[in-house]
Amino acid sequence: MELSGRLTSFPIAEILHWANNDARSGSLVVRAAGKEKEIFFQDGKIVTCLSDDPFEFYGQFLLLASYLDEDTLYRCLRLCRDTGRRLGAVLREEGILELRDIQRTLRFHIEDVICDIFLWDHGVFFFRTGRPPREELLAEPISPLGLALEGSHWVDEVKRVRRVLVDDDVVLEVAGGTEDGTTADQELTPRQRRILAEADGVRRLEALYAVVRGSFYRFLLAAAGLVEAGRLRVTKRRQRLHAPQRDAGLDDLLWQQANREQPRNRPQAGPLVDLERYIPLWVRRPPEEEWRRMPDRARAFYRRFDGRRRLTELLSADDRERRRQLDLLMLQIGKEAVALLPVPVSQLPPLGEIQGVPELLSLAGPAAES
């Protein structure tokens with residue numbers, strides 16, 4: 001593990017510069033609560049990126065850019081599920097998109113997925129060696145330096161947009177037609193037409209995004225553009241009552257596609273709440289230098305990984321602190337330093353009866369500070 005840490009102390013732009021300057025090959029895994037992305041490098045250049053967020057999948061990108069409709073996407077995803085092929089291969093073999101269009105749209109999609117990390121306010125990362133998946137590699141790699149500039153531009157643009165859409169609890173409604181409605185509608189992007197069709201004066205901005213999907217940054221820009229053009233207006237702020245509902249049929253296929261396309265040594269995509277019934281235990285001690293550099297809160301959290309208590313007992317009730325703790329947990333799982341047990345370690349059979357299980361560390365966790 002050559003490089004790991006938190007995005008608050010090592011921003012994504014600096015990591016991209018590091019990978020480029022050192023001509024690194026391998027993958028950068030970036031995680032926040034409920035989301036993970038893996039950026040693959042070859043000689044310092046970006047060759048592909050995977051995300052486990054179904055809102056960001058390649059199919060959603062094509063749908064919002066009007067390269068295909070929802071029925072076609074649904075049919076292609078069913079073929080992916082039934083045949084084990086990736087979406088790009090199905091699109092080409094079915095004659096829906098030509099190879100040059102797949103490469104061009106895939107490049108735009110990957111740039112969006114990576115630039116989205118610039119908008120995260122927390123998260124952890126680690127870099128690991130290894131080869132990228134052979135499928136859907138870019139014909140022409142992406143320069144990390146150019147992407148770092150674009151990501152910084154995204155940050156500036158979001159600050160501007162937030163003067164119009166101040167937070168995700170605002171509600172948008174249609175402001176009425178125009179004198180030449182047909183012409184005005186033709187000038188809208190496919191994403192803006194989708195937003196305009198779904199804005200009902202009831203959904204919060206976050207719930208509206210759950211229907212539209214795609215890049216959250218481009219959703220914000222499109223929605224703000226509609227407000228500034230007088231097609232939508234901000235009416236009020238609503239309190240959050242429950243999580244937004246999603247189209248289960250299409251999303252189920254997208255989740256299946258994500259889980260199948262992840263490398264086998266990565267945890268499958270799914271809600272982090274499922275982890276809370278498991279019991280964390282150290283199987284490899286952090287290096288002493290890393291342990292000393294950790295913030296006190298991180299060390300205090302890690303010391304409680306004793307093989308006896310479930311995560312439900314260890315995680316904070318405060319939502320912000322809970323997210324930080326989940327980031328810390330996923331960081332050590334990614335390093336294969338922490339195991340999640342279904343039962344307390346005292347209920348496990350003797351290690352000699354289990355093949356392939358590493359030696360479990362003492363319940364004290366990492367080495368105590370001298």
Side-chain angles (χ1 to χ4, degrees), residues 4-10 29-37 52-55 116-117 119-126 162 166-170 203-207 209-210 216 237-246 255 267-283 286 290-347 360-366 368-369:
S4 63
R6 299 177 61 85
L7 292 177
T8 51
S9 58
F10 203 164
V29 179
V30 188
R31 290 175 178 159
K35 186 181 292 189
E36 174 181 304
K37 303 186 184 191
D52 67 359
D53 184 352
F55 285 14
D116 175 70
I117 303 173
L119 307 181
W120 293 10
D121 59 3
H122 69 283
V124 296
F125 68 88
F126 57 89
R162 284 306 189 183
V166 294
D167 58 35
D168 294 342
D169 293 329
V170 300
R203 294 189 183 100
R204 294 181 301 104
L205 187 67
E206 185 178 60
Y209 169 65
F216 186 63
R237 298 178 74 248
R238 289 173 60 92
Q239 293 184 345
R240 307 180 183 208
L241 299 178
H242 51 74
Q245 298 297 312
R246 303 179 186 175
W255 276 112
Q268 285 199 335
L272 284 178
V273 69
D274 290 346
L275 297 179
E276 295 180 11
R277 59 190 177 91
Y278 288 97
I279 300 168
L281 179 73
W282 291 96
V283 294
E290 176 185 339
W291 182 251
R292 287 194 299 270
R293 289 201 313 265
M294 288 181 189
D296 291 341
R297 285 190 302 179
R299 283 198 297 267
F301 178 61
Y302 283 149
R303 282 198 183 99
R304 301 177 70 192
F305 292 7
D306 57 11
R308 294 177 294 187
R309 289 175 287 186
R310 299 186 185 275
L311 283 167
T312 50
E313 304 175 52
L314 305 183
L315 294 172
S316 171
D318 177 76
D319 184 61
R320 187 176 180 85
E321 180 63 21
R322 185 188 191 87
R323 286 197 314 238
R324 291 196 185 98
Q325 290 174 338
L326 285 169
D327 288 344
L328 292 169
L329 171 68
M330 296 307 293
L331 176 63
Q332 298 301 335
I333 291 176
K335 294 180 178 182
E336 300 179 351
V338 167
L340 294 180
L341 308 178
V343 296
V345 67
S346 60
Q347 297 180 21
L360 300 179
L361 300 186
S362 68
L363 300 183
E369 294 174 305

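- Here the straight-line distance linking atom CG of L340 with atom CD of Q332 works out to 11.5 Å at 0.5 Å rounding.
- A heavy-atom distance below 4.5 Å is found between the side chains of L7 and I117.
- Between I279 and G307, the shortest heavy-atom distance links the atoms CG2-C, 3.3 Å.
- At distances below 3.5 Å, not a single donor-acceptor pair connects side-chain atoms of Y302 with backbone N or O atoms of W291.
- Contact record, D121 with T8: O-CG2, 3.8 Å, taken as the closest heavy-atom pair.
- Minimum heavy-atom separation, R204 to D169: NH1-OD1, 2.9 Å.
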field: Criterion side-chain contact (heavy atoms from CB on, under 4.5 Å) on F216 and D53, from CA distance to verdict
entry: CA-CA 11 Å; F216 186 63; D53 184 352; over 6 Å; no
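- Listed here is the closest heavy atom pair of D52 and E36: OD1-N, 2.8 Å.
- For the pair S4/V124, no side-chain contact is recorded, criterion being any heavy-atom separation below 4.5 Å from C-beta on.
- Closest heavy-atom contact between L281 and D306: CD1-C, 3.7 Å.
- Distance CG/L326 to CZ/F301: 7.0 Å, rounded to 0.5 Å.
- The main-chain N or O of P344 is never found under 3.5 Å from a side-chain atom of R309 such that the two would form a donor-acceptor pair.
- With rounding to the nearest 0.5 Å, the separation of CG in L314 from CZ in R308 is 11.0 Å.
- Across every non-hydrogen atom of K35 and W120, the tightest pair is CD-CZ2, 3.1 Å.
- F55 and Y209 have their aromatic ring centers within a separation under 6.0 angstrom.
- Atom CZ of R6 sits about 5.0 Å away from atom CG of L328, to the nearest 0.5 Å.
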